[in-house]
Visitor: 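Please see the structure below; I have some questions.
Along the sequence shown, residues are numbered consecutively beginning with 1. Remember, predicted model here, so these are calculated numbers, not experimental data.
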Amino acid sequence: QVQLVESGGGLVQAGGSLRVSCAASGRTFSGYAMGWFRQAPGKEREFVATISNNGGATYYTDSVKGRFTISRDNAKNTVYLQMNSLKPEDTAVYYCAAGTFSHAPSTYNYWGQGTQVTVSS
(Lines give C-alpha, C1' and ligand atoms only; values in the text may rest on other atoms or scores of the structure.)
Protein backbone atom coordinates (compact mmCIF):
# COMPACT_ATOMS: atom_id res chain seq x y z
CA GLN A 1 0.00 0.00 0.00
CA VAL A 2 1.01 3.57 -0.68
CA GLN A 3 -0.62 6.47 1.10
CA LEU A 4 -0.59 9.82 -0.67
CA VAL A 5 -1.36 13.20 0.86
CA GLU A 6 -1.53 16.36 -1.26
CA SER A 7 -0.97 19.86 0.07
CA GLY A 8 -0.33 23.36 -1.15
CA GLY A 9 -3.56 24.14 -2.95
CA GLY A 10 -5.29 27.47 -2.55
CA LEU A 11 -6.60 30.59 -4.23
CA VAL A 12 -4.40 32.51 -6.64
CA GLN A 13 -4.97 35.24 -9.19
CA ALA A 14 -4.65 34.57 -12.90
CA GLY A 15 -1.03 34.80 -13.95
CA GLY A 16 0.19 33.75 -10.54
CA SER A 17 2.03 30.65 -9.37
CA LEU A 18 1.39 27.84 -6.95
CA ARG A 19 3.22 24.66 -5.99
CA VAL A 20 1.33 21.61 -4.86
CA SER A 21 3.06 18.72 -3.13
CA CYS A 22 2.27 15.08 -2.57
CA ALA A 23 3.87 13.18 0.28
CA ALA A 24 3.98 9.40 0.08
CA SER A 25 4.30 6.77 2.75
CA GLY A 26 4.14 3.02 2.72
CA ARG A 27 5.75 0.91 0.04
CA THR A 28 8.82 2.04 -1.88
CA PHE A 29 8.07 5.44 -3.39
CA SER A 30 10.91 5.24 -5.87
CA GLY A 31 9.41 2.14 -7.43
CA TYR A 32 6.47 4.07 -8.86
CA ALA A 33 5.93 6.63 -11.53
CA MET A 34 3.92 9.53 -10.15
CA GLY A 35 1.17 11.43 -11.89
CA TRP A 36 -0.89 14.54 -11.34
CA PHE A 37 -4.51 14.64 -12.46
CA ARG A 38 -7.22 17.24 -12.01
CA GLN A 39 -10.99 17.37 -11.97
CA ALA A 40 -13.05 20.48 -12.44
CA PRO A 41 -16.72 20.65 -11.38
CA GLY A 42 -18.93 18.78 -13.83
CA LYS A 43 -15.97 17.44 -15.78
CA GLU A 44 -14.11 14.15 -15.99
CA ARG A 45 -10.80 13.68 -14.24
CA GLU A 46 -8.02 14.58 -16.65
CA PHE A 47 -4.31 13.88 -16.87
CA VAL A 48 -1.93 16.76 -16.15
CA ALA A 49 1.61 15.38 -15.87
CA THR A 50 3.62 12.31 -15.00
CA ILE A 51 7.20 11.59 -13.98
CA SER A 52 9.09 8.32 -14.13
CA ASN A 53 10.22 6.55 -10.98
CA ASN A 54 13.76 7.97 -11.15
CA GLY A 55 12.68 11.38 -12.42
CA GLY A 56 14.41 10.91 -15.75
CA ALA A 57 11.30 11.26 -17.89
CA THR A 58 8.31 13.56 -17.76
CA TYR A 59 5.22 14.00 -19.87
CA TYR A 60 2.59 16.74 -19.86
CA THR A 61 -0.79 17.36 -21.34
CA ASP A 62 -0.64 20.01 -24.04
CA SER A 63 -2.60 22.63 -22.12
CA VAL A 64 0.03 22.89 -19.36
CA LYS A 65 3.25 22.48 -21.34
CA GLY A 66 5.62 25.36 -20.67
CA ARG A 67 3.64 26.44 -17.59
CA PHE A 68 3.71 23.45 -15.24
CA THR A 69 6.70 21.43 -14.06
CA ILE A 70 6.53 18.08 -12.32
CA SER A 71 9.44 16.96 -10.16
CA ARG A 72 10.15 14.49 -7.41
CA ASP A 73 12.49 14.03 -4.48
CA ASN A 74 12.82 10.33 -3.75
CA ALA A 75 14.78 11.01 -0.57
CA LYS A 76 11.76 12.90 0.76
CA ASN A 77 9.13 10.62 -0.81
CA THR A 78 7.53 13.67 -2.35
CA VAL A 79 6.36 14.73 -5.80
CA TYR A 80 5.71 18.34 -6.73
CA LEU A 81 3.78 20.23 -9.36
CA GLN A 82 4.98 23.78 -9.92
CA MET A 83 2.26 25.75 -11.67
CA ASN A 84 3.10 29.09 -13.28
CA SER A 85 1.08 31.50 -15.43
CA LEU A 86 -2.08 30.05 -13.98
CA LYS A 87 -5.36 30.52 -15.82
CA PRO A 88 -8.95 30.35 -14.54
CA GLU A 89 -9.40 27.15 -16.53
CA ASP A 90 -6.75 25.51 -14.32
CA THR A 91 -9.23 25.64 -11.45
CA ALA A 92 -9.82 22.07 -10.24
CA VAL A 93 -9.14 19.57 -7.53
CA TYR A 94 -5.64 18.26 -8.12
CA TYR A 95 -4.85 14.63 -7.33
CA CYS A 96 -1.56 12.81 -7.21
CA ALA A 97 -1.32 9.14 -8.03
CA ALA A 98 1.27 6.37 -7.95
CA GLY A 99 1.53 3.75 -10.65
CA THR A 100 2.83 3.39 -14.19
CA PHE A 101 4.37 6.11 -16.38
CA SER A 102 1.22 6.85 -18.34
CA HIS A 103 -1.49 9.41 -18.98
CA ALA A 104 -4.25 6.88 -18.27
CA PRO A 105 -5.84 6.99 -14.79
CA SER A 106 -6.45 3.24 -14.91
CA THR A 107 -2.70 2.56 -14.76
CA TYR A 108 -2.35 4.25 -11.37
CA ASN A 109 -2.95 2.09 -8.33
CA TYR A 110 -2.92 4.63 -5.52
CA TRP A 111 -4.53 8.05 -5.24
CA GLY A 112 -4.48 10.95 -2.83
CA GLN A 113 -7.54 12.76 -1.55
CA GLY A 114 -6.95 15.86 -3.67
CA THR A 115 -6.21 19.52 -3.06
CA GLN A 116 -8.29 22.42 -4.39
CA VAL A 117 -6.66 24.96 -6.70
CA THR A 118 -8.75 28.00 -7.57
CA VAL A 119 -7.57 30.63 -10.05
CA SER A 120 -9.48 33.88 -10.04
CA SER A 121 -9.73 36.12 -13.10
Side-chain angles (χ1 to χ4, degrees):
Q1 287 285 344
V2 176
Q3 292 79 41
L4 302 172
V5 179
E6 300 96 336
S7 62
L11 174 64
V12 63
Q13 288 189 331
S17 297
L18 203 61
R19 188 178 80 162
V20 290
S21 303
C22 172
S25 60
R27 297 184 65 180
T28 307
F29 175 74
S30 60
Y32 294 94
M34 297 297 296
W36 284 99
F37 293 78
R38 65 187 181 187
Q39 188 167 19
K43 294 189 176 182
E44 305 240 334
R45 188 171 299 191
E46 66 170 349
F47 167 78
V48 176
T50 185
I51 187 166
S52 60
N53 65 326
N54 64 1
T58 58
Y59 179 68
Y60 300 88
T61 193
D62 286 346
S63 63
V64 308
K65 283 180 182 176
R67 300 190 299 123
F68 290 12
T69 302
I70 188 171
S71 61
R72 66 189 296 162
D73 185 340
N74 284 349
K76 295 183 178 179
N77 285 2
T78 302
V79 62
Y80 307 97
L81 185 68
Q82 177 68 44
M83 302 181 288
N84 299 330
S85 301
L86 281 160
K87 304 175 181 180
E89 51 264 43
D90 295 318
T91 295
V93 177
Y94 282 72
Y95 298 89
C96 71
T100 304
F101 185 72
S102 166
H103 69 281
S106 61
T107 64
Y108 290 82
N109 306 98
Y110 305 102
W111 293 82
Q113 83 291 346
T115 186
Q116 176 70 47
V117 172
T118 303
V119 184
S120 64
S121 56

Visitor: Say whether, by atom type as modelled, one donor and one acceptor occur between the side chain of Arg67 and the main chain of Ser85 under 3.5 angstrom.
Guide: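 Here the side-chain-to-backbone pair exists.
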Visitor: For the pair Met83 and Val117, evaluate side-chain contact (heavy atoms from CB on, under 4.5 Å) and give the outcome as yes or no after the intermediate values.
Guide: CA-CA 10 Å; Met83 302 181 288; Val117 172; 3.9 Å; yes
Visitor: Would you kindly confirm whether Tyr95 and Val20 end up in one hydrophobic cluster when ILVMFWY residues are joined by side chain heavy atoms under 4.5 Å apart?
Guide: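 Different clusters: Tyr95 never reaches Val20 through Ile, Leu, Val, Met, Phe, Trp or Tyr contacts under 4.5 Å.
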Visitor: When rounded to the nearest 0.5 angstrom, what distance separates CG in Leu18 from CD in Gln82?
Guide: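 Going from CG on Leu18 over to CD on Gln82, the span is 8.0 Å.
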Visitor: Hey, could you give me the OG1/CZ distance between Thr69 and Arg19, rounded to the nearest 0.5 Å?
Guide: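 Rounded to the nearest 0.5 Å, the OG1-CZ separation comes to 11.5 Å.
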Visitor: How long is the straight-line distance from OG of Ser71 back to CE of Met34, given to the nearest 0.5 Å?
Guide: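 Answer for the CE-OG pair, Met34 versus Ser71, is 11.5 Å.
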Visitor: Measuring from atom CD of Gln13 to atom OG of Ser121, what distance do you get when rounded to the nearest 0.5 angstrom?
Guide: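 With rounding to 0.5 Å, CD (Gln13) is 9.5 Å from OG (Ser121).
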Visitor: Only distances under 3.5 Å count here; give the side-chain donor-acceptor pairs of residues 3-10 to other protein atoms, sequence neighbours excluded, each with its distance to 0.1 Å.
Guide:
residue	atom	partner	partner atom	Å
Gln3	OE1	Ser25	OG	3.4
Glu6	OE1	Gln113	N	3.0
Glu6	OE1	Gln113	NE2	3.4
Glu6	OE1	Gly114	N	2.9
Glu6	OE2	Cys96	N	2.9
Glu6	OE2	Gly114	N	3.2

Visitor: Once ring pair (Phe, Tyr, Trp, His ring centres under 6.0 Å) is applied, what residue pairs with a partner in residues 101-121 remain, sequence neighbours excluded?
Guide: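 Every ring pair (Phe, Tyr, Trp, His ring centres under 6.0 Å) pair that includes a residue of residues 101-121, provided the two are not neighbours, is Tyr32-Tyr110, Phe37-Tyr108, Phe37-Trp111.
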Visitor: Only pairs at least two apart or in different chains count here, so list each salt bridge (charged side-chain N to carboxylate O under 4.0 Å, His left out) that has a residue in residues 40-53.
Guide: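 For residues 40-53: Arg38-Glu46.
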Visitor: Going by the salt bridge (charged side-chain N to carboxylate O under 4.0 Å, His left out) test, which pairs reach into residues 48-62, not counting sequence neighbours?
Guide: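 Salt bridge (charged side-chain N to carboxylate O under 4.0 Å, His left out) check on residues 48-62 returns Asp62-Lys65.
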Visitor: Among pairs that include at least one residue of residues 56-93, which meet ring pair (Phe, Tyr, Trp, His ring centres under 6.0 Å), considering only residues two or more places apart or in two chains?
Guide: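 Matches after skipping sequence neighbours: Phe47-Tyr59.
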Visitor: Give a yes or no on whether the backbone of Lys76 and the side-chain of Thr78 come within a donor-acceptor separation of less than 3.5 Å.
Guide: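 Side chain of Thr78 to backbone of Lys76: a pair is present.
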Visitor: Would a distance-only check, ignoring hydrogens and angles, find a side-chain to backbone donor-acceptor pair under 3.5 Å from Thr91 to Val119?
Guide: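 At least one qualifying donor-acceptor pair exists.
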Visitor: Test side-chain contact (heavy atoms from CB on, under 4.5 Å) on Trp36 and Cys22 and set out the steps.
Guide: CA-CA 9 Å; Trp36 284 99; Cys22 172; 3.8 Å; yes
Visitor: Check whether Asp90 reaches the backbone of Ala14 with its side chain - one donor and one acceptor, N or O, closer than 3.5 Å.
Guide: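 Not confirmed, Asp90 side chain does not pair with Ala14 backbone.
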Visitor: How many angstroms lie between OG in Ser21 and CG in Leu81, if you round to the nearest 0.5 Å?
Guide: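 One gets 9.5 Å once the value is rounded to the nearest 0.5 Å.
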Visitor: Heavy atoms, side chains only, cut-off 4.5 Å: are Asn74 and Phe29 in contact?
Guide: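 They are in contact (side-chain heavy atoms under 4.5 Å apart), so the answer is yes.
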Visitor: How would you list all residue pairs meeting disulfide (SG to SG under 2.5 Å) that involve residues 30-59, not counting sequence neighbours?
Guide: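 For residues 30-59: none.
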Visitor: Nearest 0.5 Å, what's the CG-OG distance between Asn84 and Ser17?
Guide: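 It comes to 3.5 Å.
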